[in-house]
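To start, the structure under review is shown below, and the notes come after it.
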Amino acid sequence: MDDHHEGHDQHKSHEGHEGHDKHAGHSPGMFKDKFLLTLAMTLPVVFWSEHIQDLLGYSAPVFPGSAWIAPVLGTAVFLYGGLVFLQGAWRELRAKLPGMMTLISLAIAVAFAFSWVVQLGLIAATALWWELATLVAVMLLGHWIEMRSVVQAQGALKELAKLLPDTATRLSGQDEQTVPLAELQNGDLVLIRPGERVPVDGIVRKGRSDLDESMLTGESEPVRRGEGDEVIAASINGQGSLQVEVTGTGDETHLSGIVRLVAQAQESRSRAQHLADRAARGLTVVALASAAVTFLVWQLLGATIEFTVVRVVTVLVIACPHALGLAVPLVVAISTTLGARNGLLVRDRRGLEEARNLDTVVFDKTGTLTLGEHRVVALTAADGESEDEVLKLAAAVEAGSEHPIARGITESARERELAVPEAEDFRAVAGKGVAASVAGTEYHVGGPAMLEDRDAEVPAALREAAEAAAARGQAAIYLLREERVLAVFAVADGIRPESRAAVDALHERGIEVTMLTGDAQAVAAAVAEELGIDTVFAQVLPQDKAAKIRQLQAEGKMVAMVGDGVNDAPALATADLGIAIGAGTDVAVEAGHIVLVRSDPRDVARIVTLSRATYRKMVQNLWWAAGYNVLAIPLAAGALAAWGVLLTPAVGAVLMSASTVIVALNARLLQRAEL
C-alpha cells in the first residue's frame with residue numbers, strides 16, 4: 001500500500017470513528033449532571049400537567065403564573081438538557097451520517113415547536129410539555145448509563161497506570177535517594193524492597209524474588225526473577241530485595257505500550273462494527289419514513305393534529321438506533337480489555353474477529369514451541385549412578401564454559417533446583433569438550449571426540465540412548481570420570497513446558513496444528529511427535545515461510561501464524577491472523593494482529609475462546625437491538641390504537657432506554673468469560 005492510499009484509509013477510519021462516536025467530547029459526569037438538573041426541572045412540569053392530574057386524580061395548586069410553569073421549565077429542559085442532542089444531530093448531519101442524535105433531536109424539536117404553537121393559541125390542542133421534559137430526562141439517563149459502561153470498560157486497563165508509585169529509590173554507590181519517577185533515566189539503578197510495586201521496566205542486577213505480574217500478563221502464579229532477568233513496571237515484588245537497572249520509564253514502559261495497544265484496538269474498526277453502523281443508518285431512514293407515513297395515515301383517517309404529532313414523536317423516539325449503536329462498541333471495549341488482562345493484546349480488531357473461524361494454526365518452532373535455548377531433554381545414567389548427581393557434576397564442569405550446550409546443561413541443573421558444587425582447574429579441550437576437578441576428582445564433558453581421546457568404553461544402554469538422540473537430531477554429550485562414562489545427555493532446543501497443553505487445547509477446539517521450522521527434518525519430527533503436531537514443514541528458509549502460509553490458504557484453510565522472530569514477520573503479515581510472541585522482536589510484534597504478552601503458546605487457544613465469546617455477544621446484541629425495533633415502531637405508530645393500546649413519547653423513551661440497558665448488561669456479561 002502506498003503512502004497516499006494508506007493515509008486515505010487512515011482518514012476514512014478516523015472519520016468513520018468520529019461519525020459513529022456520538023458522544024465525542026462527552027463524559028459520564030456531564031450526562032449525570034445534566035440528567036439530575038433536568039430531572040429537577042421535569043418533576044414540576046409533570047406535576048402541573050393537566051393530563052397527569054386527570055390520570056392520577058389530583059389537582060395541582062393554582063396561583064398567578066402557575067399556568068406558565070410547564071412552558072417555562074419545558075423550554076429550559078429543551079435548551080439545557082436537549083442541547084447535547086441538538087449538537088450531536090448537527091455533527092451527524094454535517095458528516096452526512098444521520099443517526100440516533102438526529103432522531104432524538106427531531107423528536108424533541110417537533111414536540112417543542114408543537115407545544116409552543118399550542119401555548120400561543122395558534123391551534124386548539126394540548127401541549128406536549130410533560131412528554132417533552134420526561135423524554136429529555138429519560139434520554140439523558142440512558143446516555144449516562146451507556147457512557148459509564150463504555151468508559152468503565154475502556155478505562156479498566158488504564159487504571160493500572162495509576163498504580164505505579166510516585167517515587168522510586170535510586171542507588172548511587174552506597175547512597176539511597178528517593179526521587180520522582182520522572183527523574184529516573186535509563187541506566188539508573190533502583191532498589192525495590194519487599195512488597196513494593198516495581199516503578200520501571202528494568203533488568204535485575206542483584207537479588208532474587210518472586211514477582212506478581214498478574215495485572216499485566218494474567219498469570220496468577222508469582223514469577224521468579226533473578227540476576228539478568230527482566231522486570232516490568234506495575235508488577236509487585238515478593239519477599240526478596242532487588243536492585244534493578246532501568247531500561248524503560250514513563251511512556252517507554254511495557255505497561256504504557258499495553259495501554260496504547262488497547263486504545264488502538266478499541267478504536268480500530270471491525271466488520272461487525274461496520275455492519276452495525278450501516279444498520280443504524282438504515283434504521284434512521286426507516287424511522288424517518290415511518291414517521292412520515294404515520295403522519296399521513298392518521299391525518300387521512302381524520303385524527304386530530306395533536307394525536308398525530310404525538311404518534312410521530314413516539315415513532316421517532318422509539319426507533320432511535322441507540323441500542324444498535326451501543327451493541328458492538330461496548331462489546332469491543334470489554335473484549336479488548338478482557339484480553340489485555342489475560343495477556344492477549346489485540347492490535348487489530350479484525351484479527352480477533354477472524355480468530356473464531358480458524359481451522360489451522362501454524363507455529364514457528366524456535367522460541368515459540370521451544371525455548372530457543374539448549375536444554376537437557378533426555379538423560380541416561382550408567383548403572384549405579386543417580387540422574388541428579390551426574391547432572392550436578394556435568395553442570396559443575398560446564399560452569400566455566402560459554403558454549404550454548406554448556407549453558408543448556410547448567411540451566412537444566414538450575415531449573416531442577418540442584419545444588420551444583422564448585423569446580424576447579426577448568427580447561428577447554430579444543431574440539432573435544434571441557435574438563436575440571438570437582439572435590440578433587442577430574443571429570444570430562446564432551447561429544448564422541450572426547451570418547452575417542454579418552455579411549456572410553458560406552459555401556460550398551462548409554463550407546464543406545466546416544467544413537468536415539470542422534471536420530472532425533474539432538475546432540476549426545478557424555479560425562480566421564482577418568483575413562484568411565486557416567487552418563488549421556490541429549491541436548492537440544494528445549495520444548496516449552498506449556499507447548500503440549502497448547503496443542504491439545506487447539507485440537508479440542510477442532511483446529512489443526514502445523515509446525516514451521518528451518519531445522520532438519522529429524523529435529524522437527526522429534527518435536528512434532530512429542531507435542532502431537534499434525535503437520536510439519538521442516539528445512540524452510542526464512543524467505544519461504546510466507547509461501548507456506550499462502551500454500552495452506554490456497555487449500556481453503558483459515559490460517560493463524562504464531563512467531564517471534566524477524567524472519568517470521570512476513571508470514572505473520574500474510575496469515576489471516578498473525579500472533580506475535582510478546583518477548584520476540586519488535587518487528588514480529590508490529591506485524592502481528594495479536595500479541596501474546598507472556599510468550600505462552602496456550603494463549604493461542606484463549607484467543608479463539610475470546611473471539612467466539614465476543615462474536616456471540618455481538619450477534620445477541622444486534623439481534624436484540626434490531627428485533628426490538630421491528631415490534632416497537634408499529635406499536636409507536638398506533639397499529640393497536642383500535643384496541644386502546646397507545647404509547648406516549650415518554651413511554652417510548654423508557655422502552656428505547658430499556659433496550660439500551662439490556663444491550664449494555666448483556667455485553668457486560670462477557671467479563672465473566674473464562675479464557
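Side chains included, hydrogens not; waters and symmetry mates left out as well; all remaining heavy atoms used.
Side-chain contact between P601 and R496 is present, with heavy atoms from C-beta onward closer than 4.5 Å. Between V244 and V198 there is no side-chain heavy-atom pair separated by less than 4.5 Å. Counting heavy atoms from C-beta on, the side chains of L369 and I533 come closer than 4.5 Å. Under the 4.5 Å side-chain criterion, counting only non-hydrogen atoms from C-beta, E387 is in contact with R416. Inter-residue side-chain proximity for S335 and L352 is flagged as met; some heavy-atom pair is nearer than 4.5 Å. Using a 4.5 Å heavy-atom cutoff, the side chains of P421 and K392 are in contact. Looking only at side-chain heavy atoms (C-beta outward), S499 and T370 stay at 4.5 Å or farther from each other. V434 has its side chain within reach of E398: a pair of non-hydrogen atoms, C-beta onward, lies under 4.5 Å apart.
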- Task: Mind running side-chain contact (heavy atoms from CB on, under 4.5 Å) on V361 and V562 for me, showing each step along the way?
- Result: CA-CA 7 Å; V361 170; V562 187; 3.8 Å; yes
- Message: Set out, in order, the CA-CA distance, both residues' side-chain angles and the distance that settles side-chain contact (heavy atoms from CB on, under 4.5 Å) for V246 and R170, then state yes or no.
- Response: CA-CA 10 Å; V246 178; R170 183 167 61 192; over 6 Å; no
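Smallest separation of non-hydrogen atoms from D364 and G563: CB-CA, 4.0 Å. Across D425 and S437, no two heavy atoms sit closer than the pair OD2-OG, 4.0 Å. The minimum heavy-atom distance linking D493 with K365 is given by the pair OD2-NZ, 3.4 Å. The minimum heavy-atom distance linking A613 with A673 is given by the pair CB-CB, 4.5 Å. Minimum interatomic distance between V438 and E422 (heavy atoms only, all atoms of both residues): CG1-O, 4.1 Å. The minimum heavy-atom distance linking R356 with S611 is given by the pair N-OG, 2.8 Å.
Note that OG1 of T574 is 9.5 Å distant from CE of M561, once rounded to the nearest 0.5 Å. Taking OG1 of T614 as the start and CG of L670 as the end, the distance is 5.0 Å to the nearest 0.5 Å. Note that CD1 of I594 and CD1 of I579 are 5.5 Å apart. Values are rounded to the nearest 0.5 Å. The CD1 atom of I236 lies 11.5 Å from the OG atom of S209; values are rounded to the nearest 0.5 Å. With values rounded to the nearest 0.5 angstrom, I334 atom CD1 is found 11.5 Å from R672 atom CZ. Separating the CG atom in L189 from the OG1 atom in T169 is a distance of 11.0 Å, to the nearest 0.5 Å.
R500 places a side-chain N or O within donor-acceptor distance of the main-chain N or O of E530, the cut-off being under 3.5 Å. Under the 3.5 Å distance criterion, the side-chain polar atoms of D388 are left unmatched by any main-chain donor or acceptor of L391. Formation of a donor-acceptor pair under 3.5 Å by the D600 side chain with backbone atoms of R602 is found in this model. Judged by distance alone, with hydrogens and angles left aside, the side-chain atoms of D188 form a donor-acceptor pair with the main-chain N or O of Q185 at under 3.5 Å. Remark: side-chain polar atoms of H444 are not paired, donor with acceptor, to backbone N or O of A435 under 3.5 angstrom.
Heavy-atom neighbours of E424 CD from other residues, nucleotides or ligands within 6.0 Å: at or below the threshold of 12. Crowding of R427 atom CZ: a count of heavy atoms from other residues, nucleotides or ligands under 6.0 Å exceeding 12. Atom CD of E230 is surrounded by 12 or fewer heavy atoms from other residues, nucleotides or ligands within 6.0 Å. A 6.0 Å sphere centred on NZ of K32 holds no more than 12 heavy atoms belonging to other residues, nucleotides or ligands.
Ion pairing between a basic and an acidic side chain is recognised when a charged N comes within 4.0 Å of a carboxylate O; E176 and R193 show such pairing.
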N/O donor-acceptor pairs under 3.5 Å from side chains in residues 404-413, not counting sequence neighbours:
unit_1 : atom_1 : unit_2 : atom_2 : d
R407   : NH1    : E402   : O      : 2.4
T410   : OG1    : A406   : O      : 3.3
T410   : OG1    : R407   : O      : 3.0
E411   : OE1    : R414   : NE     : 3.4
E411   : OE2    : R414   : NE     : 2.9
E411   : OE2    : R414   : NH2    : 2.5
S412   : OG     : V376   : N      : 2.9
S412   : OG     : G408   : O      : 2.8

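L516 pairs in a side chain to side chain contact (heavy atoms under 4.5 Å, CB included) with only one of the listed residues (T368, D544, V362), which is V362. Exactly one residue among R375, H374, Q474 makes a side chain to side chain contact (heavy atoms under 4.5 Å, CB included) with V491. That residue is H374.
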